[in-house]
There are 2 protein chains.
Amino acid sequence: MNGAESLVRTLVDSGVEVCFANPGTSEMHFVGALDRIEGMRPVLGLFEGVVTGAADGYARMTGKPAATLLHLGPGLANGLANLHNARKVPVPMVNIIGDHASAHQGFDAPLTSDVAAFARPVSHWVHSSRNARSVAADAARAVQAARNAPGQIASLILPADTAWLAADRPAAPLPVLGPASVSDSAVAQSVAALRAGGPVAFLLRGEALRGRALAAAGRIAAKTGARLICDTFVPRVERGAGRIRVERLPYRPGPAIEFLEGTQTLILVGAQAPIAFFAYPGQPSELTPPGCRPLVLAFPHEDGTGALEALAEAIGASAPGRASPHEPPALPADGPVTAEGIMRIAGHFLPENAIISDETISSGFPFYPLNETAAPHDSLQLSGGAIGDGMPVATGAAIACPDRKVVSLQADGSAMYTLQSLWTQAREKLDVTTVIYANRAYKVLMDEVAGVGLGSVGPRGQSMFDIGNPDLDWVKLAEGMGVEAVRAESHAALADAFKAAMGQRGPRLIEAVL
Amino acid sequence: MNGAESLVRTLVDSGVEVCFANPGTSEMHFVGALDRIEGMRPVLGLFEGVVTGAADGYARMTGKPAATLLHLGPGLANGLANLHNARKVPVPMVNIIGDHASAHQGFDAPLTSDVAAFARPVSHWVHSSRNARSVAADAARAVQAARNAPGQIASLILPADTAWLAADRPAAPLPVLGPASVSDSAVAQSVAALRAGGPVAFLLRGEALRGRALAAAGRIAAKTGARLICDTFVPRVERGAGRIRVERLPYRPGPAIEFLEGTQTLILVGAQAPIAFFAYPGQPSELTPPGCRPLVLAFPHEDGTGALEALAEAIGASAPGRASPHEPPALPADGPVTAEGIMRIAGHFLPENAIISDETISSGFPFYPLNETAAPHDSLQLSGGAIGDGMPVATGAAIACPDRKVVSLQADGSAMYTLQSLWTQAREKLDVTTVIYANRAYKVLMDEVAGVGLGSVGPRGQSMFDIGNPDLDWVKLAEGMGVEAVRAESHAALADAFKAAMGQRGPRLIEAVL
């Protein structure tokens with residue numbers, strides 16, 4: 001058994017079932033081990049941003065770490081933006097990053113770089129294996145680190161010789177720290193805040209936006225009138241018919257503060273007190289309005305579900321919350337495609353239990369509420385703000401949940417960052433329908449000109465926001481990677497194409513021209 | 001004048017004429033300043049790997065730094081792999097990286113990250129501006145750092161408020177350290193080595209592979225019989241008719257050592273002693289054969305040109321070296337496309353003074369000598385080993401040299417990393433002809449299975465090297481980004497398409513199916 005085999009066996013024994021990969025020469029022994037050892041599914045991405053974003057989507061849906069396999073510092077570097085996003089979720093993930101053989105590192109070979117320095121800013125845990133015989137133990141520790149609540153990015157750097165030299169045996173899985181219990185006194189503080197009678201809002205994130213936690217939050221809201229709120233972008237939220245409605249915090253600071261105005265206590269469950277996405281001249285970073293007290297019911301690593309259930313019980317909130325009815329949005333009138341029309345069509349035809357990967361950004365904000373009454377679904381959103389996670393996350397979610405339809409609602413500018421995702425969707429025959437919002441602009445930036453106080457910008461500046469000239473042809477881009485695609489320039493055409501895609505399996509792309 | 005304006009004016013005054021950009025909200029004031037101030041051409045890339053790779057190509061051809069404009073940590077992260085390559089060249093480059101406003105950085109907003117930590121592994125110089133009034137001076141220092149010989153990566157981080165708050169005035173350009181003179185005694189050592197009579201080889205890199213330096217090396221070789229050698233991958237070399245021939249070091253350690261066998265002295269001019277690209281079990285990292293002494297004539301930051309000329313004079317090597325004749329390779333016989341056929345066709349039709357961006361990797365090695373007698377041209381190669389630099393480098397070279405034809409010879413697997421380059425080529429109407437070597441595999445990895453001692457790999461492992469299933473359709477991918485494209489499945493078709501592209505201006509792509 002060589003180090004690579006001890007690694008793969010340890011990962012498999014620790015419950016890591018999927019490896020999103022883009023290997024190189026220094027990772028060949030890992031590929032050899034993947035080949036010989038049963039239990040880990042390798043999924044190739046043609047760019048590392050796909051690899052790390054897919055591992056994020058997989059983890060959001062399963063709660064389990066996937067492995068990634070990355071080639072040296074530059075391969076890791078290509079995956080960093082989506083690791084940034086994954087760190088902000090946070091999800092469990094185990095990155096396996098090859099490095100030059102130990103004896104080779106002192107020479108300045110072309111691909112020599114400081115791999116750990118690349119890994120640190122996006123990792124909760126970084127380790128470089130010292131020799132082949134320590135790889136198995138290092139791998140077990142990496143999985144343990146990844147699985148500790150609320151999920152962590154663990155990056156294990158493997159010099160090539162630690163993969164090819166002899167090792168002893170796999171290491172057994174290590175115990176994992178689950179979510180910490182919330183103390184009675186923390187629950188009591190929230191009870192007191194609710195009983196004080198002033199307006200209370202809950203800011204929910206992580207597990208608190210799903211399942212039992214969301215149900216408990218719904219009972220509390222029904223009993224007390226407290227508002228349920230989530231961040232502008234959340235990693236995952238259960239929405240649609242039968243689910244408790246959670247209001248979304250507006251994107252810009254002014255509207256967000258106004259939205260929270262009058263709240264006396266903002267109870268945080270797995271969330272931090274709200275912060276502006278960007279700073280703007282003369283505007284505050286903190287969005288908690290004056291006079292509003294943030295109160296932590298559960299930190300992100302704590303058991304928000306248990307805390308919400310304890311809180312509900314403490315205040316006698318036993319009657320179910322008011323769930324959303326099943327009233328899918330009406331189809332838009334025919335005519336040129338609008339952002340509202342896309343959301344209506346998606347919501348109208350959305351099948352039961354679908355997963356929406358939502359990277360619609362500025363095009364999506366106003367129409368987000370439309371899907372509140374669509375069929376029940378999960379919505380996965382851009383958690384770390386690094387654009388280009390929508391299609392990789394959809395890819396990973398589809399690997400995680402092969403029986404669920406994945407709908408990837410995708411801004412065109414962001415789509416260009418990781419368009420290689422479509423090839424992996426084609427190769428793995430994933431059931432993903434991508435709808436490209438083809439507005440041919442970095443529209444969010446056009447909207448920012450006034451926001452940052454620039455007044456106006458002339459043609460040379462505007463050319464930095466305009467991604468038309470030439471227009472991207474998403475039908476060709478998708479077909480170029482083996483994904484069937486169609487262009488829709490009217491609501492009728494879009495509705496036909498989307499409905500058909502919902503009735504089929506496998507990857508499809510629809511370019512919705514705005 | 002705000003900080004952003006003081007920045008742009010300082011950069012322009014310091015001779016920075018082009019800004020490759022992918023801005024975001026935190027860089028809007030920089031965009032505003034670019035818009036209002038004449039003298040800097042903004043070039044948009046739809047992915048930051050294009051931005052940084054294009055700045056590399058631009059600098060290789062002009063010797064001058066371009067600016068890049070990158071959005072926060074994740075935007076920088078997407079550009080890191082090609083910054084790694086640029087650092088290994090090395091080229092001058094000034095990265096302007098936006099960050100959150102200073103007061104916003106303490107809050108963990110979604111896009112908050114350690115920008116400097118991302119920058120350090122790829123930068124020779126990193127600085128974060130403290131306030132708007134220091135930006136101009138910081139920018140002048142950044143350009144100075146970038147231009148110091150032999151070229152450096154300077155990364156200037158600008159918190160958004162340093163761009164929007166008031167500044168005083170631009171800062172004047174600072175003096176730059178040109179190449180250091182090589183001492184007489186260092187030249188004398190090389191003279192002695194040449195006079196000792198044992199076999200001598202020169203390993204040339206950087207300026208030593210061009211112009212006066214290469215001519216001097218040619219005179220020395222003609223007089224003494226010394227060999228002229230370059231690394232397997234060099235940032236830039238002048239080749240073809242009328243130029244002095246330089247032998248290329250083989251890629252793999254065994255053949256490389258054999259190639260250098262018998263050399264008594266290896267004189268290094270801007271190069272380090274040769275190192276294996278990767279380590280392999282039981283094989284050495286250092287490629288200098290036993291008994292061969294490396295001798296530094298010029299370090300990379302030193303004046304290799306002056307040193308070679310002094311050396312030539314000292315030994316009385318005044319007769320010109322033997323230049324390559326103009327005998328373009330013969331066209332291949334018609335039939336299915338081969339890697340040799342592509343190189344023959346490119347060399348046959350190559351126009352005078354073209355620039356070849358060569359990321360052919362394994363497909364290109366055996367046929368590299370064919371273009372020795374093609375029309376005179378520059379060859380730009382993958383210097384840091386991080387694949388995905390070929391098309392961005394071609395893009396930047398075309399911006400740098402609008403009157404020269406750029407031929408981008410591109411492996412398909414590597415092309416997928418930065419395919420967004422094609423869109424910038426279309427927008428800027430750049431005169432780049434891309435030939436995709438469509439072998440539909442990470443062929444270099446297939447070749448490595450034996451090299452690393454794996455024996456064989458079964459289907460699960462093989463699927464990690466096979467980028468067919470589904471095949472990429474490069475005609476559609478190119479057309480999807482506005483670049484005219486054609487597929488060639490025979491030598492006759494390829495020759496027709498390539499010849500036609502050489503006779504036209506503007507971006508073209510030819511998918512050569514192997």
Side-chain angles (χ1 to χ4, degrees), chain A residues 21 23 25-26 28 31-32 34-35 42 44 46-47 74 77-78 80-81 84 88 100-101 104 107-111 113-114 117-118 120-121 160 164 272 275 277-279 281 285 384-386 416-417 420 426-427 448 452 454 457-458 460-461 464 467 469-470 472-473 476-477 479-482, chain B residues 21 23 25 28 31-32 34-35 42 44 46-47 74 77-78 80-81 84 88 100-101 103-104 107-111 113-114 117-118 120-121 160 164 272 275 277-279 281 285 384-386 416-417 420 426-427 448 452 454 457-458 460-461 464 467 469-470 472-473 476-477 479-482:
Chain A
T25 297
S26 45
M28 295 304 285
V31 172
L34 270 179
D35 186 64
L44 181 62
L46 297 188
F47 176 69
N78 284 330
L80 285 175
H84 167 91
K88 295 286 180 144
H100 280 314
H104 199 61
F107 307 105
D108 191 24
L111 277 165
S113 67
D114 187 342
F118 282 128
R120 264 180 227 114
W164 77 51
Q272 65 171 345
I275 298 300
F277 201 83
F278 287 109
S285 291
M416 280 302 283
Y417 283 67
Q420 304 92 339
R427 165 172 277 200
E448 290 291 45
V452 301
L454 260 182
V457 166
R460 193 160 45 205
M464 296 293 97
I467 66 167
N469 181 26
L472 295 162
D473 181 332
K476 286 185 172 166
L477 291 174
E479 288 176 352
M481 288 180 277
Chain B
T25 296
M28 297 302 285
V31 172
L34 269 180
D35 187 62
L44 181 62
L46 297 188
F47 176 69
N78 284 331
L80 285 174
H84 167 91
K88 295 286 180 143
H100 280 314
H104 199 62
F107 306 105
D108 190 24
L111 276 165
S113 67
D114 187 341
F118 282 128
R120 264 181 228 115
W164 76 54
Q272 65 170 345
I275 297 302
F277 201 83
F278 287 109
S285 292
M416 279 303 283
Y417 283 67
Q420 304 91 340
R427 164 172 279 200
E448 290 291 44
V452 301
L454 260 181
V457 165
R460 194 160 44 204
M464 296 294 96
I467 67 168
N469 181 26
L472 296 162
D473 181 331
K476 286 186 172 167
L477 291 174
E479 290 177 351
M481 288 181 277

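Letters A, B, ... mirror the listed sequences (proteins, then strands); counts begin at 1. Worth saying up front: this structure is predicted, and the values here are computed from it rather than measured.
Note: A:P470 leads A:P470, A:G461, A:G385, A:P74 in heavy-atom pairs under 4.5 Å with chain B. Note on B:G482, B:A81, B:A21: by heavy-atom pairs under 4.5 Å with chain A, the leading option is B:A81. For the set A:N78, A:L472, A:T25, the entry with the most heavy-atom pairs within less than 4.5 Å of chain B is A:T25. Across A:A101, A:P42, A:A117, the residue that shares the most heavy-atom pairs under 4.5 angstrom with chain B is A:P42. Comparing A:P23, A:P281, A:P121 by heavy-atom pairs within less than 4.5 Å of chain B, the highest count is held by A:P281.
The contact between A:A426 and chain B is made by backbone and side chain atoms together, counting heavy-atom distances below 4.5 Å. Heavy atoms of B:R427 lying under 4.5 Å from chain A belong to its backbone as well as its side chain. In this structure, the portions of A:L46 lying under 4.5 Å from any heavy atom of chain B include both its backbone and its side chain. With a threshold of 4.5 angstrom between heavy atoms, B:E479 approaches chain A through its backbone and through its side chain.
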Between A:L477 and B:K476, is a side-chain contact (heavy atoms from CB on, under 4.5 Å) present by the stated rule, with each step listed? CA-CA 6 Å; A:L477 291 174; B:K476 286 186 172 167; over 6 Å; no
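Partners of A:S26 under the side-chain hydrogen bond (donor to acceptor under 3.5 Å, both in side chains) rule, at least two apart in sequence or in another chain, are A:H71.
Shortest non-hydrogen contact noted between B:F278 and A:H100 is CD2-CE1, 3.6 Å. The nearest pair of heavy atoms linking A:I275 to B:A109 is CG2-CB, 4.0 Å. Contact detail for A:I467 and B:L44: the closest heavy-atom pair is CG2-CD2, 4.3 Å. Shown here for A:A77 and B:L80, the closest heavy-atom pair between the two residues is CB-CB, 3.7 Å.
Looking at B:L34 and A:R460, their side chains never come closer than 4.5 Å, going by heavy atoms from C-beta outward.
The pair B:D108-A:K88 meets the salt-bridge criterion, since a charged nitrogen lies less than 4.0 angstrom from a carboxylate oxygen.
Taking CD from A:Q420 and CD from B:Q420, the interatomic distance works out to 5.5 Å, rounded to the nearest 0.5 Å.
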